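Note that the structure is predicted; figures quoted are calculated from it, not measured. We count residues from 1, following the sequence as given.
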Amino acid sequence: MSSLQFKNYLKNYSKQLLASSLVWFIGMLLVGYAISNSAAPDQLSELRYIPVYAVAFLSTLCVGLCHYLYWQDAAMD
């Protein structure tokens with residue numbers, strides 16, 4: 001891949017990464033808001049919230065991995 005193509009790739013990738021990070025952040029705010037409006041703190045340890053925690057944790061890992069890979073690609077240039 002030529003240098004110009006690589007820069008265009010990074011430019012497009014950075015826009016997609018910014019958009020996905022923004023969507024992730026808004027989603028985490030909504031999840032936090034929904035959990036904070038629970039009726040009692042004891043409800044947070046119930047089984048029904050475990051998938052929410054799993055999705056939040058996995059999405060955080062994925063967004064972090066995307067940022068890491070982007071900066072690795074950018075450092076290669």
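Considering every non-hydrogen atom in both Thr60 and Ala56, the closest pair reads OG1-O, 2.7 Å.
One distance of note links CG of Leu18 with OH of Tyr13; it measures 12.5 Å at 0.5 Å rounding. The distance from the OG atom of Ser14 to the NE2 atom of His67 is 10.5 Å, given to the nearest 0.5 Å.
Tyr70 and Val63 are assigned to two separate hydrophobic clusters, defined by single-linkage of ILVMFWY side chains at heavy-atom distances under 4.5 Å. In the hydrophobic clustering of ILVMFWY residues, with side-chain heavy atoms under 4.5 Å counting as a link, Trp71 and Leu17 come out together. Clustering ILVMFWY residues whenever any of their side-chain heavy atoms sit less than 4.5 angstrom apart, transitively, puts Trp24 in a cluster other than the one holding Tyr68. Leu30 and Leu22 fall within the same hydrophobic cluster, where Ile, Leu, Val, Met, Phe, Trp and Tyr residues are linked whenever their side-chain heavy atoms come under 4.5 Å apart, directly or through other members.
Using a 4.5 Å heavy-atom cutoff, the side chains of Gln16 and Cys66 are not in contact.
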